[in-house]
Amino acid sequence: MLKAIRWAGQNDDVKIIVMTGNGKFFCTGMELVSDEEMSFAPGSDFHQLNKELILCEKILIAAVNGPAVGYGASSLALLDLVYSIPDAYFFTPFVKWGMAPEAASSLTFAKLMGHQRASLLCLTAERILAPEAKELGLVTKILPAANFLDQVIEIAENLALSPTGSLLGTKRLMKQPVINELLEANDRECYLIHEERIPSGDPARGKEQFQSAQRQKRRLKDNGHAKGCL
């Protein structure tokens, strides 16, 4: 994703970037099944990806085609337009897995929603549905699920017909006042996760709990299938 955003950002022929998920989910969040460790250190790919989204001069559009978990929800506030299917849901289980807010969401969520409603997402990991996400300002518009991506692409194509200078200049005017705040929030979050949360061992324990729960679900599913065969 980092390579793709950088490529598009440097390509003069690109005005608009549309991001969507492949499959039933928009994004399932951090990889909790693999044993491979991901770096959140300042300067890491993760830190740089958030920085690229913050500084990107192109129009960023999300086509939320299904559940948006973790980064799939937290990063949405860095984008310009967010379209969602009606039955998508959003949640950020930072505290549950021993982590902390990411993608500058410790700042953007509070700006969008106010402190208490932002806390509902960041602290409690409560799931919210697309209509509530729209009410909170996390989703721009809800579109029918049928031919969803085609609808978003059509919106992007119509937007791309606008004069480039006006389109990108307007984004620049709207984004410039908050860029430094966003960059600083990204730095703070990545530093906290790298220097405090990961060394604490809480994320590793959360990951083990998740993997254990997944194994238990598979066993129950396999046992149920075996009984059905009998």
Side-chain angles (χ1 to χ4, degrees), residues 1-31 38-85 88 90 102-105 107-109 111-112 133 137-141 143 147-187 189-190:
M1 183 174 177
L2 176 58
K3 289 179 181 178
I5 294 294
R6 281 178 172 165
W7 175 87
Q10 295 166 3
N11 191 325
D12 292 338
D13 293 330
V14 175
K15 294 183 183 181
I16 298 171
I17 301 168
V18 177
M19 293 178 280
T20 192
N22 182 21
K24 295 181 179 180
F25 280 74
F26 174 67
C27 176
T28 56
M30 188 173 69
E31 177 61 78
M38 175 178 166
S39 176
F40 294 86
S44 65
D45 284 351
F46 181 79
H47 177 260
Q48 291 299 312
L49 173 59
N50 297 325
K51 187 176 179 180
E52 289 290 334
L53 292 177
I54 292 167
L55 296 176
C56 184
E57 295 182 350
K58 309 303 173 75
I59 307 301
L60 295 169
I61 299 178
V64 182
N65 59 304
V69 183
Y71 192 76
S74 61
S75 61
L76 292 179
L78 296 179
L79 310 188
D80 301 300
L81 295 164
V82 177
Y83 297 96
S84 171
I85 61 170
F90 307 75
E102 61 195 10
S105 60
L107 172 70
T108 58
F109 279 15
K111 280 183 172 290
L112 278 175
L138 197 60
V139 167
T140 307
K141 192 172 183 179
L143 300 175
N147 301 314
F148 171 68
L149 185 57
D150 291 339
Q151 296 175 74
V152 178
I153 294 296
E154 183 178 357
I155 292 169
E157 288 175 342
N158 289 334
L159 195 57
L161 296 176
S162 305
T164 303
S166 178
L167 185 67
L168 303 186
T170 298
K171 169 171 177 168
R172 189 164 59 249
L173 286 172
M174 295 174 68
K175 198 72 177 286
Q176 191 62 47
V178 297
I179 282 180
N180 286 335
E181 285 184 283
L182 293 170
L183 291 173
E184 289 170 2
N186 181 39
D187 291 346
E189 292 167 358
C190 287

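- Between the side chain of Asn65 and the backbone N or O of Ile85, no donor-acceptor pair lies under 3.5 Å.
- Of the inter-residue distances, the one linking Lys58 atom NZ with Ile5 atom CD1 reads 10.5 Å to the nearest 0.5 angstrom.
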Item checked: Test log, rule side chain to side chain contact (heavy atoms under 4.5 Å, CB included), inputs Leu159 and Lys15 -> CA-CA 9 Å; Leu159 195 57; Lys15 294 183 183 181; over 6 Å; no
Check: What do the steps show when you test Val64 against Leu76 for side chain to side chain contact (heavy atoms under 4.5 Å, CB included), and what is the final call?
Finding: CA-CA 9 Å; Val64 182; Leu76 292 179; 4.2 Å; yes
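- Shown here for Ala68 and Phe26, the closest heavy-atom pair between the two residues is CB-CD2, 3.8 Å.
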Next item on the list: Determine, stepwise, if the pair Leu183 / Leu55 fulfils side chain to side chain contact (heavy atoms under 4.5 Å, CB included).
Entry: CA-CA 9 Å; Leu183 291 173; Leu55 296 176; 4.1 Å; yes
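- How far SG of Cys56 is from CD1 of Ile17: 4.0 Å, rounded to the nearest 0.5 Å.
- Two residues are said to be in side-chain contact when any heavy atoms from C-beta on lie closer than 4.5 Å; Val152 and Val18 meet this criterion.
- Distance NZ/Lys51 to SG/Cys190: 11.5 Å, rounded to 0.5 Å.
- Summarising the local packing, CG of Asn158 is surrounded by more than 12 heavy atoms from other residues, nucleotides or ligands at distances under 6.0 Å.
- Looking at heavy atoms from C-beta onward, Asn186 lies in side-chain contact with His47 at the 4.5 angstrom threshold.
- Rounding to the nearest 0.5 angstrom, the gap separating the CD atom in Glu181 from the CD1 atom in Ile179 is 11.0 Å.
- For the pair Pro177 and Met174, the tightest heavy-atom approach, listed with the atom from each and the gap, is CD-O, 3.6 Å.
- The two residues Ala185 and Leu107 make their nearest non-hydrogen contact at CB-CB, 3.9 Å.
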Margin query: As a quick check of understanding, evaluate side chain to side chain contact (heavy atoms under 4.5 Å, CB included) for Phe46 and Glu102, giving each step before the final call.
Written below: CA-CA 10 Å; Phe46 181 79; Glu102 61 195 10; 3.8 Å; yes
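- When all heavy atoms are compared, the tightest approach of Ile61 to Leu79 is C-CD1, 4.4 Å.
- Put simply, the side chain of Thr164 does not reach to within 4.5 Å of the side chain of Leu167, judged on heavy atoms.
- Between Gly66 and Ala88, the shortest heavy-atom contact is O-CB, 3.6 Å.
- Shortest non-hydrogen contact noted between Asn50 and Tyr71 is OD1-OH, 2.7 Å.
- Inter-residue side-chain proximity for Leu60 and Lys171 is flagged as met; some heavy-atom pair is nearer than 4.5 Å.
- Rounding to the nearest 0.5 Å gives a distance of 8.5 Å between CG of Asp45 and CE of Met38.
- Using a 4.5 Å cut-off on side-chain heavy atoms (C-beta onward), Glu57 and Leu168 make no contact.
- Taking OH of Tyr83 as the reference point, atom CD1 of Ile155 lies at 4.0 Å (rounded to 0.5 Å).
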